[in-house]
Protein chains: 2
Amino acid sequence: MALRLSVLAWLRLFRVFQKIDRRSVVHLRTLGLSTAQFDILARVGTTSGMTQQELADRLLVTKGNISQLLSRMEGQGLLKRCQDRRSNTLALTEAGQDLYRRAVPFQEDMIMQSFEGLSTDEVRTLLRLLDKLDHSLR
Amino acid sequence: MALRLSVLAWLRLFRVFQKIDRRSVVHLRTLGLSTAQFDILARVGTTSGMTQQELADRLLVTKGNISQLLSRMEGQGLLKRCQDRRSNTLALTEAGQDLYRRAVPFQEDMIMQSFEGLSTDEVRTLLRLLDKLDHSLR
DNA sequence: CAAAGACAGTTTAGCACTAAACCGTCTTCC
DNA sequence: GGAAGACGGTTTAGTGCTAAACTGTCTTTG
(Lines give C-alpha, C1' and ligand atoms only; values in the text may rest on other atoms or scores of the structure.)
Protein backbone atom coordinates (compact mmCIF):
# COMPACT_ATOMS: atom_id res chain seq x y z
CA MET A 1 0.00 0.00 0.00
CA ALA A 2 1.25 3.41 -1.00
CA LEU A 3 1.95 5.94 1.71
CA ARG A 4 0.06 8.86 0.26
CA LEU A 5 -3.05 6.82 -0.41
CA SER A 6 -3.08 5.36 3.10
CA VAL A 7 -2.70 8.73 4.73
CA LEU A 8 -5.50 10.13 2.58
CA ALA A 9 -7.74 7.22 3.48
CA TRP A 10 -7.04 7.69 7.17
CA LEU A 11 -7.73 11.42 7.03
CA ARG A 12 -10.97 10.75 5.20
CA LEU A 13 -11.99 8.06 7.64
CA PHE A 14 -11.27 10.40 10.50
CA ARG A 15 -13.21 13.22 8.92
CA VAL A 16 -16.30 11.13 8.22
CA PHE A 17 -16.21 9.62 11.67
CA GLN A 18 -15.92 13.05 13.20
CA LYS A 19 -18.78 14.52 11.21
CA ILE A 20 -21.22 11.75 12.06
CA ASP A 21 -20.03 11.75 15.66
CA ARG A 22 -20.70 15.45 15.99
CA ARG A 23 -24.16 15.06 14.55
CA SER A 24 -24.77 12.33 17.02
CA VAL A 25 -23.59 14.41 19.97
CA VAL A 26 -25.89 17.28 19.02
CA HIS A 27 -28.72 14.88 18.39
CA LEU A 28 -28.38 13.03 21.68
CA ARG A 29 -28.09 16.24 23.64
CA THR A 30 -31.72 16.96 22.82
CA LEU A 31 -32.48 13.87 24.93
CA GLY A 32 -30.14 15.02 27.68
CA LEU A 33 -27.66 12.24 26.94
CA SER A 34 -23.96 12.23 26.16
CA THR A 35 -22.50 9.63 23.81
CA ALA A 36 -21.04 7.73 26.73
CA GLN A 37 -24.37 7.69 28.54
CA PHE A 38 -26.20 6.56 25.42
CA ASP A 39 -23.74 3.72 24.95
CA ILE A 40 -24.36 2.52 28.48
CA LEU A 41 -28.12 2.94 28.16
CA ALA A 42 -28.13 0.97 24.92
CA ARG A 43 -25.96 -1.83 26.27
CA VAL A 44 -27.72 -2.28 29.58
CA GLY A 45 -31.05 -1.87 27.81
CA THR A 46 -30.41 -4.80 25.50
CA THR A 47 -28.49 -6.99 27.94
CA SER A 48 -29.68 -6.67 31.49
CA GLY A 49 -27.78 -8.22 34.38
CA MET A 50 -24.25 -7.43 33.20
CA THR A 51 -21.56 -6.63 35.73
CA GLN A 52 -19.65 -3.36 35.55
CA GLN A 53 -16.50 -5.11 34.42
CA GLU A 54 -18.36 -6.82 31.58
CA LEU A 55 -19.85 -3.51 30.52
CA ALA A 56 -16.42 -1.89 30.54
CA ASP A 57 -15.00 -4.71 28.41
CA ARG A 58 -17.78 -4.43 25.87
CA LEU A 59 -17.50 -0.68 25.54
CA LEU A 60 -13.70 -0.89 25.52
CA VAL A 61 -13.29 1.60 28.35
CA THR A 62 -11.89 1.25 31.85
CA LYS A 63 -13.91 0.10 34.82
CA GLY A 64 -12.99 3.38 36.51
CA ASN A 65 -14.72 5.28 33.77
CA ILE A 66 -17.81 3.06 34.03
CA SER A 67 -17.88 3.52 37.77
CA GLN A 68 -18.05 7.30 37.42
CA LEU A 69 -20.60 7.31 34.63
CA LEU A 70 -22.86 4.86 36.44
CA SER A 71 -22.80 6.98 39.57
CA ARG A 72 -24.16 9.91 37.65
CA MET A 73 -26.73 7.88 35.76
CA GLU A 74 -27.84 6.14 38.92
CA GLY A 75 -28.21 9.58 40.49
CA GLN A 76 -30.43 10.55 37.57
CA GLY A 77 -32.55 7.49 38.20
CA LEU A 78 -31.82 5.83 34.87
CA LEU A 79 -30.43 2.58 36.22
CA LYS A 80 -29.73 0.56 39.35
CA ARG A 81 -26.73 -1.31 40.66
CA CYS A 82 -27.68 -4.54 42.46
CA GLN A 83 -24.91 -5.96 44.55
CA ASP A 84 -24.36 -9.66 44.01
CA ARG A 85 -21.45 -11.23 45.84
CA ARG A 86 -18.56 -8.93 45.10
CA SER A 87 -19.87 -7.64 41.79
CA ASN A 88 -22.75 -5.38 40.76
CA THR A 89 -25.33 -6.40 38.19
CA LEU A 90 -26.92 -3.63 36.20
CA ALA A 91 -30.46 -2.98 35.08
CA LEU A 92 -32.41 0.00 33.78
CA THR A 93 -35.10 1.55 35.94
CA GLU A 94 -38.53 2.30 34.52
CA ALA A 95 -37.34 5.78 33.56
CA GLY A 96 -34.26 4.25 31.98
CA GLN A 97 -36.27 1.80 29.91
CA ASP A 98 -38.54 4.59 28.84
CA LEU A 99 -35.62 6.69 27.66
CA TYR A 100 -34.09 3.64 26.01
CA ARG A 101 -37.22 3.05 23.97
CA ARG A 102 -37.12 6.61 22.73
CA ALA A 103 -33.38 7.04 22.29
CA VAL A 104 -32.47 3.93 20.33
CA PRO A 105 -34.78 4.45 17.32
CA PHE A 106 -34.01 8.15 17.46
CA GLN A 107 -30.31 7.46 17.13
CA GLU A 108 -30.75 4.77 14.49
CA ASP A 109 -32.69 7.24 12.41
CA MET A 110 -29.87 9.74 12.65
CA ILE A 111 -27.41 7.12 11.46
CA MET A 112 -29.62 6.10 8.57
CA GLN A 113 -29.88 9.71 7.49
CA SER A 114 -26.12 10.06 7.62
CA PHE A 115 -25.69 7.28 5.08
CA GLU A 116 -28.35 8.56 2.73
CA GLY A 117 -25.70 9.87 0.33
CA LEU A 118 -24.71 6.31 -0.59
CA SER A 119 -26.67 3.63 -2.40
CA THR A 120 -27.36 0.27 -0.81
CA ASP A 121 -24.67 -1.32 -2.92
CA GLU A 122 -22.17 1.32 -1.96
CA VAL A 123 -22.88 0.86 1.73
CA ARG A 124 -22.49 -2.88 1.28
CA THR A 125 -19.09 -2.35 -0.36
CA LEU A 126 -18.04 0.08 2.35
CA LEU A 127 -19.09 -2.41 4.98
CA ARG A 128 -17.12 -5.18 3.33
CA LEU A 129 -13.97 -3.10 3.08
CA LEU A 130 -14.22 -1.87 6.65
CA ASP A 131 -14.76 -5.42 7.80
CA LYS A 132 -11.67 -6.59 6.00
CA LEU A 133 -9.68 -3.70 7.39
CA ASP A 134 -11.00 -4.35 10.88
CA HIS A 135 -9.95 -7.99 10.77
CA SER A 136 -6.52 -7.15 9.45
CA LEU A 137 -6.01 -4.86 12.45
CA ARG A 138 -5.09 -7.81 14.67
CA MET B 1 -30.66 3.11 2.62
CA ALA B 2 -31.76 0.32 4.95
CA LEU B 3 -31.60 0.89 8.67
CA ARG B 4 -29.79 -2.28 9.67
CA LEU B 5 -27.13 -1.83 7.03
CA SER B 6 -26.49 1.79 7.99
CA VAL B 7 -26.16 0.96 11.66
CA LEU B 8 -23.77 -1.86 10.86
CA ALA B 9 -21.70 0.43 8.67
CA TRP B 10 -21.54 3.04 11.40
CA LEU B 11 -20.51 0.52 14.03
CA ARG B 12 -17.84 -0.81 11.73
CA LEU B 13 -16.61 2.67 10.90
CA PHE B 14 -16.45 3.47 14.58
CA ARG B 15 -14.60 0.26 15.38
CA VAL B 16 -11.98 0.74 12.68
CA PHE B 17 -11.48 4.35 13.61
CA GLN B 18 -11.06 3.40 17.23
CA LYS B 19 -8.55 0.66 16.55
CA ILE B 20 -6.30 2.80 14.40
CA ASP B 21 -6.67 5.69 16.81
CA ARG B 22 -5.55 3.53 19.71
CA ARG B 23 -2.55 2.32 17.78
CA SER B 24 -1.70 5.88 17.05
CA VAL B 25 -1.98 6.94 20.69
CA VAL B 26 0.34 4.17 21.81
CA HIS B 27 2.71 4.91 18.97
CA LEU B 28 2.89 8.65 19.61
CA ARG B 29 3.37 8.13 23.31
CA THR B 30 6.80 6.68 22.57
CA LEU B 31 7.67 10.17 21.32
CA GLY B 32 6.13 11.79 24.37
CA LEU B 33 3.26 13.23 22.36
CA SER B 34 -0.51 13.02 22.71
CA THR B 35 -2.71 13.01 19.61
CA ALA B 36 -3.71 16.60 20.25
CA GLN B 37 -0.10 17.69 20.56
CA PHE B 38 0.88 15.82 17.42
CA ASP B 39 -1.94 17.50 15.49
CA ILE B 40 -0.69 20.90 16.58
CA LEU B 41 2.93 20.03 15.87
CA ALA B 42 2.02 18.79 12.39
CA ARG B 43 -0.11 21.82 11.56
CA VAL B 44 2.27 24.45 12.83
CA GLY B 45 5.17 22.53 11.32
CA THR B 46 3.72 22.67 7.82
CA THR B 47 2.13 26.11 8.07
CA SER B 48 4.11 28.52 10.17
CA GLY B 49 2.70 31.90 11.15
CA MET B 50 -0.88 30.84 11.86
CA THR B 51 -2.86 32.53 14.61
CA GLN B 52 -4.39 30.50 17.43
CA GLN B 53 -7.89 31.08 16.13
CA GLU B 54 -6.90 29.80 12.68
CA LEU B 55 -5.32 26.74 14.23
CA ALA B 56 -8.46 26.08 16.25
CA ASP B 57 -10.61 26.39 13.13
CA ARG B 58 -8.44 23.98 11.18
CA LEU B 59 -8.39 21.36 13.90
CA LEU B 60 -12.09 21.89 14.59
CA VAL B 61 -11.60 22.51 18.29
CA THR B 62 -12.22 25.55 20.48
CA LYS B 63 -9.73 28.34 20.93
CA GLY B 64 -9.89 27.65 24.67
CA ASN B 65 -8.59 24.17 24.08
CA ILE B 66 -5.81 25.47 21.84
CA SER B 67 -4.85 28.04 24.43
CA GLN B 68 -4.32 25.35 27.06
CA LEU B 69 -2.47 22.94 24.81
CA LEU B 70 -0.16 25.66 23.53
CA SER B 71 0.72 26.73 27.05
CA ARG B 72 1.95 23.23 27.83
CA MET B 73 3.79 22.84 24.55
CA GLU B 74 5.37 26.26 24.88
CA GLY B 75 6.46 25.23 28.36
CA GLN B 76 8.09 22.15 26.83
CA GLY B 77 9.95 24.39 24.40
CA LEU B 78 8.31 22.94 21.30
CA LEU B 79 6.88 26.18 19.94
CA LYS B 80 6.68 29.93 20.44
CA ARG B 81 3.83 32.41 20.49
CA CYS B 82 4.79 35.72 18.88
CA GLN B 83 2.42 38.53 19.68
CA ASP B 84 1.36 40.51 16.64
CA ARG B 85 -1.21 43.20 17.19
CA ARG B 86 -3.89 41.48 19.20
CA SER B 87 -3.24 38.00 17.86
CA ASN B 88 -0.44 35.47 18.33
CA THR B 89 1.37 33.90 15.42
CA LEU B 90 2.78 30.44 15.99
CA ALA B 91 6.06 28.83 15.00
CA LEU B 92 8.00 25.75 16.05
CA THR B 93 11.27 26.17 17.93
CA GLU B 94 14.37 24.26 16.87
CA ALA B 95 13.39 21.44 19.22
CA GLY B 96 9.87 21.49 17.79
CA GLN B 97 11.12 21.27 14.22
CA ASP B 98 13.40 18.45 15.19
CA LEU B 99 10.54 16.50 16.73
CA TYR B 100 8.34 17.33 13.74
CA ARG B 101 10.88 15.82 11.36
CA ARG B 102 10.90 12.62 13.36
CA ALA B 103 7.23 12.38 14.27
CA VAL B 104 5.57 12.93 10.90
CA PRO B 105 7.23 10.06 8.97
CA PHE B 106 6.92 7.91 12.07
CA GLN B 107 3.19 8.47 12.16
CA GLU B 108 2.77 8.08 8.41
CA ASP B 109 4.46 4.72 8.64
CA MET B 110 2.05 3.61 11.32
CA ILE B 111 -0.89 4.60 9.11
CA MET B 112 0.53 2.79 6.13
CA GLN B 113 0.93 -0.36 8.19
CA SER B 114 -2.66 -0.08 9.36
CA PHE B 115 -3.91 -0.26 5.79
CA GLU B 116 -1.70 -3.15 4.79
CA GLY B 117 -4.64 -5.55 4.92
CA LEU B 118 -6.20 -3.92 1.86
CA SER B 119 -4.97 -3.84 -1.72
CA THR B 120 -4.29 -0.58 -3.52
CA ASP B 121 -7.53 -0.91 -5.43
CA GLU B 122 -9.49 -1.58 -2.27
CA VAL B 123 -8.04 1.48 -0.58
CA ARG B 124 -8.91 3.51 -3.66
CA THR B 125 -12.50 2.28 -3.49
CA LEU B 126 -12.69 2.95 0.23
CA LEU B 127 -11.37 6.43 -0.35
CA ARG B 128 -13.93 7.09 -3.06
CA LEU B 129 -16.83 5.93 -0.91
CA LEU B 130 -15.68 7.88 2.12
CA ASP B 131 -15.27 10.95 -0.05
CA LYS B 132 -18.78 10.62 -1.37
CA LEU B 133 -20.11 10.09 2.13
CA ASP B 134 -18.15 13.04 3.43
CA HIS B 135 -19.56 15.35 0.78
CA SER B 136 -23.10 14.15 1.37
CA LEU B 137 -22.71 15.09 5.04
CA ARG B 138 -23.34 18.73 4.26
C1' DC C 1 -7.11 -22.08 59.13
C1' DA C 2 -4.44 -18.28 57.82
C1' DA C 3 -1.69 -15.98 54.35
C1' DA C 4 -1.55 -14.91 49.46
C1' DG C 5 -3.54 -13.84 45.45
C1' DA C 6 -7.32 -12.80 42.33
C1' DC C 7 -10.92 -10.02 41.27
C1' DA C 8 -14.92 -6.13 41.29
C1' DG C 9 -15.45 -1.73 42.17
C1' DT C 10 -14.00 3.09 43.81
C1' DT C 11 -10.99 6.92 44.08
C1' DT C 12 -7.54 10.18 42.56
C1' DA C 13 -4.50 12.78 39.54
C1' DG C 14 -4.07 14.37 35.24
C1' DC C 15 -5.02 15.21 30.05
C1' DA C 16 -8.36 16.65 26.37
C1' DC C 17 -12.29 18.86 25.33
C1' DT C 18 -16.46 22.29 25.45
C1' DA C 19 -19.18 26.27 26.67
C1' DA C 20 -19.36 30.40 28.55
C1' DA C 21 -17.57 34.20 30.99
C1' DC C 22 -14.00 37.35 30.91
C1' DC C 23 -10.06 40.68 29.40
C1' DG C 24 -7.64 43.58 26.11
C1' DT C 25 -7.10 45.72 21.88
C1' DC C 26 -8.45 47.23 17.44
C1' DT C 27 -12.27 49.29 14.41
C1' DT C 28 -16.22 51.70 13.32
C1' DC C 29 -19.08 55.32 13.11
C1' DC C 30 -21.98 58.94 15.04
C1' DG D 1 -12.86 61.68 19.97
C1' DG D 2 -15.42 58.48 22.48
C1' DA D 3 -18.89 54.75 22.89
C1' DA D 4 -20.12 50.32 20.95
C1' DG D 5 -18.99 46.33 19.05
C1' DA D 6 -15.95 42.84 17.05
C1' DC D 7 -12.38 39.93 17.67
C1' DG D 8 -8.18 37.14 19.67
C1' DG D 9 -6.83 35.01 23.61
C1' DT D 10 -7.30 33.31 28.58
C1' DT D 11 -9.76 31.37 32.39
C1' DT D 12 -13.07 28.45 34.70
C1' DA D 13 -16.44 24.83 35.54
C1' DG D 14 -17.76 20.63 34.14
C1' DT D 15 -17.66 16.02 31.30
C1' DG D 16 -15.17 12.00 29.53
C1' DC D 17 -11.40 9.35 29.61
C1' DT D 18 -6.99 6.74 31.42
C1' DA D 19 -3.69 4.79 34.62
C1' DA D 20 -2.68 3.56 38.90
C1' DA D 21 -3.42 3.26 43.68
C1' DC D 22 -6.62 1.66 46.91
C1' DT D 23 -10.60 -1.18 49.32
C1' DG D 24 -13.05 -4.98 50.23
C1' DT D 25 -14.47 -9.73 49.25
C1' DC D 26 -13.94 -14.30 47.55
C1' DT D 27 -10.73 -18.37 46.59
C1' DT D 28 -6.80 -21.05 46.88
C1' DT D 29 -3.45 -23.58 49.10
C1' DG D 30 0.51 -24.78 52.23
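Numbered from 1 within each chain, the chains take letters A, B, ... in sequence-line order. Computed from heavy atoms alone, side chains included, the values below leave out hydrogens, waters and symmetry copies.
Looking at residues two or more places apart in sequence or on another chain, you find a ring-ring contact (aromatic ring centres under 6.0 Å, His included) between Phe17(B) and Trp10(A), Phe14(A), Phe17(A). Annotation: salt bridge (Lys or Arg N to Asp or Glu O under 4.0 Å) contacts of Asp131(A) (sequence neighbours excluded): Arg12(B). Ser34(A) pairs by the side chain to side chain contact (heavy atoms under 4.5 Å, CB included) definition with Ala36(A), Gln37(A), not counting sequence neighbours. Residues that satisfy the side chain to side chain contact (heavy atoms under 4.5 Å, CB included) test with Gln97(A), not counting sequence neighbours, are Leu92(A), Glu94(A), Arg101(A). Legend: residues meeting side chain to side chain contact (heavy atoms under 4.5 Å, CB included) with Met112(B), ordered by chain and number and at least two apart, are Leu3(A), Ser6(A), Asp109(B). Contacts of Asp57(B) classified as side chain to side chain contact (heavy atoms under 4.5 Å, CB included), with partners at least two apart in sequence or in another chain: Gln53(B). Remark: Glu54(A) pairs with no residue by the salt bridge (Lys or Arg N to Asp or Glu O under 4.0 Å) rule, at least two apart or across chains.
For the pair Ser136(B) and Glu116(A), the minimum side-chain heavy-atom distance is 4.5 Å or more.
Distance CG (Asp57(A)) to C1' (dG9(C)): 13 Å, rounded to an integer number of Å. Spacing between atom CD of Gln18(A) and atom C1' of dT18(C) amounts to 14 Å, rounded to whole angstrom units. The CE atom of Met50(A) sits 11 Å away from the P atom of dG9(C) (whole-angstrom rounding). Taking atom CD of residue Gln53(B) and atom P of nucleotide dC26(C), one finds them 17 Å apart after rounding to whole Å.
Here Thr51(B) contributes atom OG1 and Asp84(B) contributes atom CG; the two are 9.5 Å apart, rounded to the nearest 0.5 Å. Between Thr47(B) atom OG1 and Leu90(B) atom CG the span is 11.0 Å, to the nearest 0.5 Å. Put simply, CZ on Arg4(A) and CD1 on Ile111(B) are 13.0 Å apart, with the number rounded to the nearest 0.5 Å.
Rounded to 10 degrees, the angle separating the terminal axes of the helix from dC1(C)-dG30(D) to dC30(C)-dG1(D) is 10°, with each axis obtained from five end pairs.
In this structure, Lys80(A) places its NZ atom where only 12 or fewer heavy-atom neighbours from other residues, nucleotides or ligands lie under 6.0 Å away.
In summary, contact between chain B and DNA chain D, defined as any nucleotide atom under 4.0 Å from a heavy atom of the protein, begins and ends at dA6(D) to dT12(D) in the 5' to 3' direction.
Within residues 71-87 of chain B, the residues that have a heavy atom under 4.0 Å from DNA chain D are, in order of number, Arg81(B), Arg86(B), Ser87(B). Across residues 25-49 of chain B, not one residue has a non-hydrogen atom less than 4.0 Å from an atom of DNA chain D. Applying a 4.0 Å cut-off to non-hydrogen atoms, the residues of residues 59-70 of chain B that approach DNA chain C are Leu60(B), Val61(B), Thr62(B), Asn65(B), Gln68(B), Leu69(B), listed by residue number.
With 3.5 Å as the limit, one finds a donor-acceptor pair spanning the side chains of Arg81(A) and Ser71(A). Side chain to side chain, Asn88(A) and Gln52(A) meet the donor-acceptor criterion of an N or O pair below 3.5 Å.
Looking at every heavy atom in both residues, Leu31(A) comes nearest to Arg102(A) through CD2-NH1, 4.2 Å.
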